Amino acid sequence: MFSIFKKSAAPDAKASAPQDPGAPITTVTVTVNGRTVTAEVDPRMLLSQFLRDSLQLTGTHVGCDTSQCGACVVHLDGRAVKSCTTLTLACDGGSVTTIEGLSQDGTLHPMQEAFRNNHGLQCGFCTPGMIMSAVDIVNRKGNTLDEATVRAELEGNICRCTGYHNIVAAVREGAANMTGVKQAAE
Amino acid sequence: MYAFNYLRPSSLAEAGSALTKTPDAKILAGGHTLLPTMKLRLASPKALVDLSRVSELRGIEKKGNALVIGAMSTHFEVSTSTVVKGAIAGLAELAGHIGDPAVRHRGTIGGSVANNDPAADYPAAVLALNATVTTDKREIKADDFFKGLFTTALGEGEIITRFSFPQPTKFAYVKFANPASRYALVGVAVAQTGSEIRVAVTGAGNDGVFRHKAMEAALAKSWSPDALKGITTDPSMMNSDIHAAADYRAHLVGVIAARAVAKAG
């Protein structure tokens, strides 16, 4: 499915030209973690596959591949989405932030730091999705989050190791420490 | 997934034309039901027509005595809209409990209603509130729209453009959510609009969303949870699966309906 992938350094003229509404589209231009990529993709290619297999951004995980587990959560235009249930072509013109795009200049994002500080992970498989969802929660709900809110908002992210206690603590601490830096992720 | 072509029109006219001209095309709204269905190869359209760039399908506004919601409004947009909260707060609340936050960022009211999943939340509200479904071809009353499991009055290539909800005096929706999927095991919407009282049940019926006429008659006499006491629901009309047997669902319809009336006040 990925063999026809190719990318160019800059968007080409063809990609930005108006399309005949009846013509199938196979080209996508999308900004991922600040870098603009133009690619020719199979229409079936999911955003999760594009990130992992084409851009080698393997921090985005695929757990269930049925939009239930949340391991694949990334931000599309500033909102958390399940990349396993989003077509790459539908992201044309959009901006995607993955777990790799959170840290700045080698410094962990406050939410990443809070997960480390609170031991908010065991095997780590769900962690990228948890952190991307957590940052989205803060963007929507602010820096002061009670436990019930965090638990309710994390319902789309499943952890099979830890029982959520440390994850919830990490999200609350990360939220508090995100004051003034929430825009850094987008 | 089987291979398909991807089309992305930028206007309603283009979308209509793309659907007419392309054989075996399906509409892509938020994709949160369609794409999983295609992954399972339960659906294999030859083309997807993505409506995400059709601006005519966006927007939420109060128009006279009606709340008008564009079909491509996401669950997130409906749940956080001050216009929706101001007009029909229970509808915003309903939207805020569909799926999970990431799902609500993509899933749309138009996609949900067009799919008419028997466990979806929106059909109960559309039916109880007696909404009008506007398409690119006509207007369809809610009573004429839902035609059973995953079936609606929509024709081939017909696009829902917006929903018009008459302003109710009372409305509430309560669901008993499946703890894994958050779909409604039983969901009941109750509404009082002018002199009309409507009760719509989702999740439970084996033929999809339905109006509970016995409950409507009882509530018309006395709007209170107690008025529903003794009203039974026929288990043979109920869905039955590993999550809940038919008689349990029938029982839950009464319990959840009473809670909805209490919530509506």
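Fair warning: this is a prediction, and the values are worked out from it, not measured in the lab. Quick note on labels: first sequence line is chain A, next is B, and so on, each numbered from 1.
Contact annotation for residues 71-79 of chain B against chain A (heavy-atom separation below 4.5 Å, listed by residue number): B:Phe76. Using a 4.5 Å cut-off between non-hydrogen atoms, the part of residues 150-157 of chain A that approaches chain B consists of A:Glu153, A:Glu155, A:Gly156. When the heavy atoms of residues 104-117 of chain B are compared with those of chain A, the residues falling under 4.5 Å are B:Arg104, B:His105, B:Arg106, listed by number. Close approach to chain B, defined as a heavy atom under 4.5 Å from one of its heavy atoms, is seen in no residue of residues 158-172 of chain A.
Ion pairing between a basic and an acidic side chain is recognised when a charged N comes within 4.0 Å of a carboxylate O; B:Asp100 and B:Arg182 show no such pairing. Between B:Glu93 and B:Lys263, at least one side-chain N (NZ, or NE/NH1/NH2) sits under 4.0 Å from a carboxylate O, which counts as a salt bridge. Look at B:Arg249 and B:Asp241 and you find a salt bridge, because one of the NZ, NE, NH1 or NH2 atoms lies within 4.0 Å of a carboxylate O, short of that distance.
Judged purely by distance below 3.5 Å, without hydrogens or angles, the side chains of B:Asn5 and B:Thr22 never pair a donor atom with an acceptor atom. Checking A:Ser83 against A:Thr60 by side-chain atom types alone, no donor-acceptor pair falls below 3.5 Å. Checked by atom type, the side-chain pair A:Ser133/A:Asp136 shows no donor-acceptor distance below 3.5 Å.
Only the side chain of B:Leu28 comes within less than 4.5 Å of a heavy atom of chain A; its backbone N, CA, C and O stay farther away. For chain A, the nearby part of B:Leu48 is the side chain; its heavy atoms alone come within less than 4.5 Å.
The minimum heavy-atom distance linking B:Lys26 with B:Pro45 is given by the pair CB-CB, 3.9 Å.
For A:Thr179 (side chain) and A:Asn177 (main-chain N/O), no donor-acceptor pair under 3.5 Å exists by modelled atom type.
A:Leu46 places a side-chain heavy atom less than 4.5 Å from the side chain of A:Leu87.
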